[in-house]
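Here the structure comes first, spelled out in structure tokens, and everything after it is commentary.
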Amino acid sequence: MKKYTGKGIYGAVAMGKIAIFHKEKTDAQPGLAAETSVEKARLAEALTEAGKQLREVYDRALREVGEADARIFEVHRMLLEDVDYVGLIENTIESQRVNAEYAVTAAADRYAEMFAAMEDADMRARAADVRDISDRLIANLRGEGIRRQESAEKVILCAADLSPSETISLDRENILALVTAHGSVNSHSAILARGMQIPAVVGVGEDFLAEVAEGSRAIVDGYEGEILVDPDLETCNTYADRQRAAGERKRLLQQLRGKENITVDGREVRVLANIGDIRDIVAALQNDAGGIGLFRSESLYLESRDYPAEERQFAVYKQALESMGGRKVIIRTLDIGADKQADYFGLKKEENPALGCRAIRICLARPELFKTQLRALYRASAYGDLGILFPMITGVAELEKVLDICREVREELDARNVPYSPDVELGIMIETPAAALISDRLAPMVDFFSVGTNDLIQYTLACDRQNPDVQAFVDPYHEAILRLIRMSADNARRHGTRIGICGELAADTNLTETFLRMGIDELSVSPAFVLEVRDKVRSLDLSQ
Ligand code: PEP
Ligand code: MG
């Protein structure tokens, strides 16, 4: 038995035979163009064909993995229409008098190099997207089309890397698990694989593909990010037990749907869902979330090419409130900046973006932008139970400004007789050490606190959450973090302010009891963890 280690993308276990995915070789050799006009016409045809294919792939992805993950194929299609990209290919044909295949490869190299040199990990991942499109164009120019993986038996599919098009074109009925030698957890392929809900491991290294043989038996452990090739009988039995237990656990958790969410000693705790996109509401409802504890509204801005209009925002917020049928929906105002960038904001490049202009700082610097979002939120409040949450608060004066702007927005709506709920609750993220340390001053100013442990950890332990090299220094159980949360909870209680946790730590069931004993009222977690946390809450007796 040989063990290989990478990064787990989706937590589940699979056992079966390995099948190696061989990429079509699409590198084009320079060939002289007999007629540049002929090459350009061939290119135009290949582009049209690729557009059609991508529309089909998008539809398929939409059905299989949902709109959020399918969107990458729309991005690919947009690149096909990008005048700079297509112009570069045409110019290469014209100026170098080469065939279309070679010009496409040259353009892909230029673009991929440009993306690969970027600092932002998401932008670097775009290099793979450009290669994907170029492979598609070259296959079309050669009349090959994009090959689909067909297999009679369910297999563990192993590849050097998988482009998003390849991932989505896989026949998921025949795939037990996915393993790639390269790739990062944030690549679009990884996201798509996660959406397919099959065990997946990326970055197992070159050796793996060199050593592993087609047809070998293997176990893929998506929890630990491990591949065990040629496992012995005892290991197989251990993993078979784990698989059975995981399936049984899932079934059991489903039985909690509709049940009360109280501890053994009768304390009611709300377990809500975090969503990044309106489409995630489906998963929140499927897992019977008590409401939405964090709607990261920046998704609306990140998916647009320009500032989303008030009407568009209003429609999305209204839909969220209506879909949750009267359950609480907490929508966080724009938290853009740092790792979340949209070109049209024209934000300056910063040396330390996590400590720079982000979130509420941008909103206060651009009050019209902020007021547009607040108007949309207040108008939507007439359709449900809304809480508005402000990110990255560090001080009293800053919060006063925020509350003044909210007041102005309400007065303007009153003057125009626009209806809104009088019961909208206002809250702040406790995600900076400063906010936790002055939580006694902030608590009387708002209705609720929501602890953002992701940023609280980054700022308290001085570990950039984007930097994989410092993750070894991150101890989420660090006493400093727990003290700051406890301090915030104590101050919240003294002033009758509700307090919840919406950072990733809220889903850590090793801490549920600690949090509840601190007086935390709500836990907001990814939809997939809602039932697990509810189960934990129901098992606790806090009377002892
Ligand atoms: C947090 O910081 O914990 C949080 C919930 O916000 P985000 O992860 O969106 O920064
Ligand atoms: Mg945060």
Side-chain angles (χ1 to χ4, degrees), residues 68 120-122 185-186 270-278 280 284 289 291-303 329-342 347 352-363 373 387-394 398-399 402 427-436 439 442 448-467 470-471 474-478 480-482 484-485 488-489 498-508 511 515 520 522-530 533:
D120 184 287
D122 288 345
V185 280
N186 290 326
R270 286 209 291 194
V271 182
L272 312 164
N274 292 346
I275 61 168
D277 188 292
I278 185 70
D280 298 340
I292 301 299
L294 171 64
F295 180 168
R296 291 176 161 101
S297 72
E298 51 273 13
S299 59
L300 268 170
Y301 295 77
L302 293 172
E303 70 188 16
V329 175
I330 296 176
I331 302 181
R332 183 174 71 185
T333 59
L334 179 62
D335 182 6
I336 209 155
D339 54 312
K340 300 172 198 161
Q341 294 284 337
L347 299 175
N352 289 303
L355 304 179
C357 274
R358 58 171 289 203
I360 205 70
R361 297 173 181 177
I362 294 178
C363 289
Q373 180 169 35
I388 304 178
L389 176 61
F390 304 107
M392 272 293 283
I393 296 293
T394 54
E398 182 183 51
L399 182 55
V402 168
I428 56 168
M429 296 283 296
I430 300 286
E431 56 182 345
T432 63
S439 50
L442 300 171
F448 66 96
F449 282 164
S450 188
V451 183
T453 51
N454 309 338
D455 277 315
L456 190 61
I457 290 171
Q458 127 162 299
Y459 294 127
T460 308
L461 303 184
C463 288
D464 182 351
R465 64 193 267 198
Q466 294 299 111
N467 182 350
V470 295
Q471 293 318 299
V474 172
D475 170 12
Y477 300 159
H478 196 294
I481 306 299
L482 297 178
L484 289 172
I485 301 176
S488 308
R498 271 196 349 270
I499 179 163
I501 301 180
C502 66
E504 295 305 300
L505 219 52
D508 185 339
L511 285 172
F515 289 150
I520 298 294
E522 291 171 4
L523 295 166
S524 191
V525 299
S526 281
F529 300 135
V530 166
V533 174

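Each ligand, and each atom within it, is numbered from 1 in the order the structure gives.
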Checking Ser450 side chain against Met429 main chain: does a donor-acceptor pair fall under 3.5 Å?
no
Given a cut-off of 2.8 Å, the protein N, O or S atoms lying below it from the Mg ion (ligand 2) are Glu431 OE1, Asp455 OD2
Quick one: does any side-chain atom of Arg358 pair with a main-chain N or O of Pro353 as donor and acceptor, under 3.5 Å?
no
Nearest heavy atoms of Asp277 and Ser299, plus distance in Å
CA-OG, 4.0 Å
Counting distance only, does the side-chain N/O of Asp475 pair as donor-acceptor with the main-chain N or O of Tyr477 below 3.5 Å?
yes
Ser526 side chain vs Phe529 backbone, donor-acceptor pair below 3.5 Å
no
Taking C-beta and beyond as the side chain, do Thr453 and Ile485 meet within less than 4.5 Å on heavy atoms?
yes
Short N-O contact, Lys340 and Asp335, less than 4.0 angstrom:
yes
Quick one: ligand 1 N/O to protein N/O pairs below 3.5 Å?
unit_1, atom_1, unit_2, atom_2, d
ligand 1, 2 (O), Glu431, OE1, 3.1
ligand 1, 2 (O), Asp455, N, 3.0
ligand 1, 2 (O), Asp455, OD2, 3.0
ligand 1, 3 (O), Gly452, O, 3.4
ligand 1, 3 (O), Thr453, N, 3.1
ligand 1, 3 (O), Asn454, N, 2.7
ligand 1, 3 (O), Asn454, ND2, 3.3
ligand 1, 6 (O), Arg332, NH1, 2.9
ligand 1, 8 (O), Arg296, NH2, 2.9
ligand 1, 8 (O), Asn454, ND2, 2.9
ligand 1, 8 (O), Arg465, NH2, 2.8
ligand 1, 9 (O), Arg296, NE, 2.7
ligand 1, 9 (O), Arg296, NH2, 3.4
ligand 1, 9 (O), Arg332, NH1, 3.3
ligand 1, 9 (O), Arg332, NH2, 2.8
ligand 1, 9 (O), Lys340, NZ, 3.4
ligand 1, 10 (O), Asp455, OD2, 3.0
ligand 1, 10 (O), Arg465, NH1, 2.9

Hey, are the side chains of Phe295 and Ile330 touching, using non-hydrogen atoms and a 4.5 Å cut-off?
no
Gln458 versus Glu431: any side-chain heavy-atom pair under 4.5 Å?
no
